[in-house]
There are 2 protein chains.
Amino acid sequence: MKEKSHLLLKEQLCFPIYATSRMVTRLYQPWLDKLGLTYPQYLVMLVLWEEQRLTVSQLGKRLYLNTNTLTPLLKKLRDKGMVAKERSKDDERTVHIELTEKGQELKAQAEDIPANLLEAIDMPVEELRQMREWMWKLLGKFDD
Amino acid sequence: MKEKSHLLLKEQLCFPIYATSRMVTRLYQPWLDKLGLTYPQYLVMLVLWEEQRLTVSQLGKRLYLNTNTLTPLLKKLRDKGMVAKERSKDDERTVHIELTEKGQELKAQAEDIPANLLEAIDMPVEELRQMREWMWKLLGKFDD
DNA sequence: GTTAAATTTATCGTGTGCGATATAATCTTA
DNA sequence: TAAGATTATATCGCACACGATAAATTTAAC
């Protein structure tokens, strides 16, 4: 008996995650444009709005991003006046990233974004919550 | 009474989708390296293994990708000898993408990938199935 | 205490994604 | 049937991601 191939696009888990990720990023665009941020830059700001000040590698751990992504991205955020970079005096290898006043103020303009996105996505809140939970679980498996 | 901010990273849906997408792509890497494919290239091959021959825009619709992504990607797949490009005779605007024999043969080497990924992800099948279903539903909302 | 290993950030090269625009071919309709 | 709209693909520019490597600093081993 011939076995069925498991290579159908519809059967993959990977593909809808990948496509949904890009789709969600696109949904953010109109709001992020108003803030002058790209989507990954917005993620960095989310973390900083929670923490105010942390090192590049701490940021990387929170967002699962390496320095080869973060370094140029942070440079752009600094150029926009959103963050300040300061090399630590204790350990000259580490660089602290800190919100500027301008970056702090931007938070107020971002407060509506989550609600607007929820509306655009238009799915039952419980399903979204469950998806979020499962994906965090999945991410947790590869925290190293 | 002061309202709680909804800008916490843990509360966002967007972020785990984004991070999980990159994480899953990383999990594919070792297997895709053996095939000499990148992840988006693999997605194109998945579609072609189902359809054999279709136009650039049909591919784009299936994968939610535009030509500005597909054109250079298809050029690379052609350089690797996986696909052939042929401008249609009926309508000279359209370009047909077709599997080469080499591209066809690569499918056999890919057959194990889904099972290996399932193992690596190590989540209950039912949860994965449900996630997949919800994400396809989400994608469907923005099919235009 | 000197040196090798480890840590932290930065740099480089390749491959996407995607908005904006260009180009060429086809269709439409007055 | 010819101008204008539409369609299909390609090109360009910018911003990630990420593997590989480098550079600077600190830690650890001897």
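Treat the numbers as computed from the prediction; the structure is a model and nothing was measured. Chain identifiers are assigned alphabetically (A, B, ...) following the order of the sequence lines, protein sequences preceding nucleic acid strands; residue numbering begins at 1 within each chain.
By the neighbour-count criterion of 12 heavy atoms within 6.0 Å, atom CD of E126(A) is densely surrounded, having more than that number from other residues, nucleotides or ligands. The environment of K85(B) atom NZ is dense: over 12 non-hydrogen atoms of other residues, nucleotides or ligands sit within 6.0 angstrom.
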*Evaluate the salt bridge (charged side-chain N to carboxylate O under 4.0 Å, His left out) criterion for residues R129(A) and E133(A): first the C-alpha distance (whole Å), next the side-chain angles of each, then the deciding distance (0.1 Å), finally the verdict.*
CA-CA 6 Å; R129(A) 194 202 56 72; E133(A) 185 183 313; 2.8 Å; yes
_Criterion side chain to side chain donor-acceptor pair (under 3.5 Å) on Q104(B) and Q52(B), from CA distance to verdict_ = CA-CA 8 Å; Q104(B) 190 62 259; Q52(B) 189 77 212; 3.2 Å; yes
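Applying the ring pair (Phe, Tyr, Trp, His ring centres under 6.0 Å) rule to W31(B) yields no partners; only residues at least two apart in sequence or on another chain are considered. For the side-chain contact (heavy atoms from CB on, under 4.5 Å) test, residues two or more places apart in sequence or in another chain that qualify with E105(B) are E101(B).
Remark: the backbone N or O of N68(B) is not paired with any side-chain donor or acceptor of N66(B) at under 3.5 angstrom. Looking only at distances, a side-chain donor or acceptor of R87(A) sits under 3.5 Å from a matching main-chain atom of E92(A).
Residues L70(A) and V44(A) meet the side-chain proximity criterion, which asks for heavy atoms closer than 4.5 Å. L74(B) is not listed as a side-chain neighbour of V95(B), based on a closest heavy-atom distance of 4.5 Å or more. The closest side-chain heavy-atom distance from W49(A) to L46(A) is below 4.5 Å. In this structure the side chain of M131(B) reaches within 4.5 angstrom of the side chain of L138(A), judged on heavy atoms.
Of the residues in residues 32-41 of chain B, those lying under 4.0 Å from DNA chain C by heavy-atom distance are T38(B), P40(B), Q41(B). Using a 4.0 Å cutoff on non-hydrogen atoms, the parts of residues 89-98 of chain A near DNA chain D are D90(A), D91(A), E92(A), R93(A), ordered by number. Using a 4.0 Å cut-off on heavy atoms, the residues of residues 52-63 of chain B that approach DNA chain D are T55(B), V56(B), S57(B), listed by number.
Distance, R87(B) CZ to dT9(D) P: 8 Å, rounded to whole Å. Atom NZ in K76(B) sits about 10 Å away from atom P in dT14(C), given to the nearest Å. When rounded to the nearest whole Å, the span between NZ of K85(A) and C1' of dT8(C) equals 12 Å. In this entry the distance linking OH of Y18(B) with C1' of dA15(D) reads 11 Å, nearest Å. At whole-Å resolution of the value, CG in L43(A) and P in dA15(D) are 17 Å apart.
The phosphate of dT16(C) (OP1 or OP2) has no side-chain N or O of K75(B) nearer than 4.0 angstrom.
Within the nucleic acid shown, L73(B) comes within 4.0 Å of sugar-phosphate atoms alone, with no base atom in reach, counting heavy atoms only.
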If you restrict it to nitrogen or oxygen atoms, what contacts under 3.5 Å exist between nucleotides 18-23 of chain D and the protein, and what is each distance?
{"from": "dC18(D)", "atom 1": "OP1", "to": "R26(B)", "atom 2": "NH1", "distance (Å)": "2.9"}
{"from": "dC18(D)", "atom 1": "OP2", "to": "R22(B)", "atom 2": "NH1", "distance (Å)": "2.7"}
{"from": "dG19(D)", "atom 1": "N7", "to": "N68(A)", "atom 2": "ND2", "distance (Å)": "2.7"}
{"from": "dG19(D)", "atom 1": "O6", "to": "N68(A)", "atom 2": "ND2", "distance (Å)": "2.6"}
{"from": "dA20(D)", "atom 1": "N6", "to": "N68(A)", "atom 2": "ND2", "distance (Å)": "3.4"}

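Relative orientation of the W136(B) and F15(A) rings is tilted, given thresholds of 30° and 60° on the angle between their planes.
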